[in-house]
Student: 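Got a structure here, written out as structure tokens. Questions coming.
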Amino acid sequence: MNKFVFFGGKGGVGKTTSSAAYAYHCSKEGQKTLVVSTDPAHSLCDIFQMPIGPKVITIGLNLDALEIDPALESEAYIERIKINMKETVSPVIIGEIEKQLDAASVSPGSEESAIFDKMIEIVNDYGDRYDKIIFDTAPTGHTLRLLSLPELLGGWLDKLIEKREKAVKLLQIANRDVKKPVSEDPIVSILSKRKESLEKARATLIDAAHISFVFVLNPEKMPLEETKKAVAVLEKYHIPVNDIVVNRILPDHMTDSFWQARKTLEKQYLSEIDSSFRNQRIIKIPLLDSDVSEAHIAAIAAYFNEISQ
Ligand SMILES: Nc1ncnc2c1ncn2[C@@H]1O[C@H](COP(=O)(O)OP(=O)(O)O)[C@@H](O)[C@H]1O
Ligand SMILES: [Mg+2]
């Protein structure tokens, strides 16, 4: 698998578990590994029994972890802009900008953009320090479009910058305040910086083909349909999906008639999975009798050993 590996899939299918297990596997192989979670449920903490937070901590030999809290990130992002603004903008327009920022912070998608920004920051800042950086949540189709289509990415930010510059000029005229060049407006400068870092991350992720996606699903109808769609979208953007993790497979020999019926159904989905994902490696993980713990992760990591041989 490539350097930056994203685990995607519906809630509860086993993304955090599989990404932790894959990280564990890579670290045991001697690769310097960072596992990043954006799950607000703080599940990496529970798995590794460590206070994993917004700063990188070492949780094992060759294994570091980081947990991003989307709500906190989104708040911090807005606060940084506000502080920056107080130093650079005339007090007359501060009220106006603060209103815009507060509106932005509660708008749908603000957590998604905060996560996206953080992801970009991790790619740019930590890319060189690790052999493997594993994200336990994949960006959505919406954010992927920004990464995979350079003209869309550049165009979108250019439009935002242009809009903001016009607004600043109008406000300056209205307030007879034309002392500061528009480029010093904090929002314009933040947008320009954002464009720069997005382009840098994009170059690392896409052009160098350093990125790969793993989809996790359970052998059931809904996750299967959703995974087929997600894989098709990524293929359209030329982003490779090399691996599919089929998690929570029932034991072969069920004695009870209820579970026998479930197993029969599951077998149909498993063969549909085999035929739907012919271009992918399929990693099959059984339903285990253990739960959230390092031993559970070590047991699941064993299934990743097979793919590296
Ligand atoms: N193969 C498995 N066998 C048993 N329990 C599992 C297995 N995979 C995941 N689990 C459990 O299922 C729950 C959901 O898994 P999780 O990795 O948190 O899903 P997600 O991150 O996709 O929401 C967790 O309690 C986890 O320990
Ligand atoms: Mg999770």
Side-chain angles (χ1 to χ4, degrees), residues 1-9 11-80 111-139 143 197 200-201 204-205 210-214 216 245 247 288 290-305 308:
M1 286 193 215
N2 303 12
K3 178 180 269 195
F4 300 97
V5 184
F6 294 89
F7 281 75
V13 292
K15 289 180 299 298
T16 303
T17 305
S18 311
S19 50
Y22 180 59
Y24 188 88
H25 157 79
C26 294
S27 70
K28 292 278 177 245
E29 270 197 332
Q31 302 191 67
K32 193 153 172 42
T33 304
L34 173 67
V35 56
V36 181
S37 172
T38 57
D39 189 339
H42 300 289
S43 1
L44 281 183
C45 294
D46 299 335
I47 290 174
F48 292 105
Q49 297 283 300
M50 292 261 196
I52 300 168
K55 290 222 166 71
V56 171
I57 73 158
T58 296
I59 58 174
L61 183 65
N62 294 322
L63 186 56
D64 290 358
L66 183 64
E67 219 162 52
I68 301 167
D69 182 328
L72 278 183
E73 274 312 317
S74 163
E75 260 169 49
Y77 184 61
I78 301 287
E79 279 315 305
R80 279 201 300 276
E111 287 191 4
E112 189 189 341
S113 16
I115 292 178
F116 184 67
D117 265 27
K118 197 74 195 173
M119 195 189 94
I120 295 299
E121 196 184 303
I122 290 167
V123 169
N124 288 336
D125 295 352
Y126 297 108
D128 293 337
R129 289 190 226 167
Y130 292 93
D131 302 314
K132 209 44 109 175
I133 299 185
I134 298 163
F135 292 87
D136 111 337
T137 321
T143 39
S197 69
K200 191 177 162 208
T204 312
L205 291 176
H210 273 160
I211 191 172
S212 93
F213 278 74
V214 180
V216 186
V245 169
N247 188 26
L288 299 181
S290 54
D291 204 345
V292 190
S293 65
E294 198 169 327
H296 178 68
I297 292 304
I300 291 180
Y303 293 89
F304 286 96
N305 289 339
S308 52

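Heads up: numbering here begins at 1 and tracks the sequence.
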Student: If you compare all heavy atoms of H296 against all heavy atoms of S290, which two are closest, and at what distance to 0.1 Å?
Tutor: ND1-OG, 2.7 Å
Student: Within this structure, what is the CD1-NZ distance for the pair I68 and K118, rounded to the nearest 0.5 Å?
Tutor: 6.5 Å
Student: Can you see whether N305 engages H25 through a side-chain donor-acceptor pair at a distance of less than 3.5 angstrom?
Tutor: yes
Student: Could you measure the distance from the CE atom of M50 to the CG atom of L44? Nearest 0.5 Å is fine.
Tutor: 11.5 Å
Student: With sequence neighbours excluded, what pairs up with T38 under the side-chain hydrogen bond (donor to acceptor under 3.5 Å, both in side chains) test?
Tutor: T137
Student: Please name all residues satisfying side-chain contact (heavy atoms from CB on, under 4.5 Å) with L72, sequence neighbours left out, ordered by chain then number.
Tutor: D69, E75
Student: Run the side chain to side chain contact (heavy atoms under 4.5 Å, CB included) test on F304 and V245 for me, step by step, so that the C-alpha distance in whole Å, both residues' side-chain angles and the decisive distance to 0.1 Å come before the verdict.
Tutor: CA-CA 10 Å; F304 286 96; V245 169; 4.1 Å; yes
Student: Among all residues two or more places apart in sequence or in another chain, which pass the side-chain contact (heavy atoms from CB on, under 4.5 Å) test with S19?
Tutor: F7, I134, D136
Student: Compare every heavy atom of S18 with every heavy atom of G14, then report the nearest pair and how far apart it is.
Tutor: O-OG, 2.6 Å
Student: Would you compute the distance between atom CD1 of I133 and atom CD1 of I122 and round it to the nearest 0.5 angstrom?
Tutor: 7.5 Å
Student: Given S27, which of L34, N62, I59 fulfils the side chain to side chain contact (heavy atoms under 4.5 Å, CB included) condition?
Tutor: N62
Student: How many angstroms lie between atom CD1 of I47 and atom OG1 of T17, to the nearest 0.5 angstrom?
Tutor: 5.0 Å
Student: Looking only at heavy atoms, what is the nearest atom pair of C45 and P51, with distance?
Tutor: SG-C, 4.4 Å
Student: Looking at Q31, is its backbone amide N or carbonyl O close enough to the side chain of T33 to form a donor-acceptor pair, meaning the two atoms are under 3.5 Å apart?
Tutor: yes
Student: With sequence neighbours excluded, tell me which residues meet side-chain contact (heavy atoms from CB on, under 4.5 Å) with K28.
Tutor: Y24
Student: Is the backbone N or O of F6 less than 3.5 Å from a side-chain atom of K15, with the two atoms forming a donor-acceptor pair by type?
Tutor: no
Student: Indicate the atoms forming the closest heavy-atom contact of S43 with E67, along with that distance.
Tutor: N-OE2, 3.6 Å
Student: As an exercise, state the distance from CG of L66 to NZ of K55, rounded to the nearest 0.5 Å.
Tutor: 10.5 Å
Student: E294: what forms a side-chain hydrogen bond (donor to acceptor under 3.5 Å, both in side chains) with it, not counting sequence neighbours?
Tutor: none
Student: Could you walk me through whether Y22 and V5 satisfy the side chain to side chain contact (heavy atoms under 4.5 Å, CB included) test, starting with their C-alpha distance in whole Å, then the side-chain angles of each, then the deciding distance to 0.1 Å, before giving a yes or no?
Tutor: CA-CA 10 Å; Y22 180 59; V5 184; 4.1 Å; yes
Student: Just to verify, what does T58 make a side-chain contact (heavy atoms from CB on, under 4.5 Å) with, not counting sequence neighbours?
Tutor: D64
Student: Which heavy atom of A21 sits nearest to which heavy atom of A301, and what is that distance?
Tutor: O-CB, 3.4 Å
Student: Can you tell me how far the CD1 atom of I211 sits from the NZ atom of K3, to the nearest 0.5 Å?
Tutor: 13.0 Å
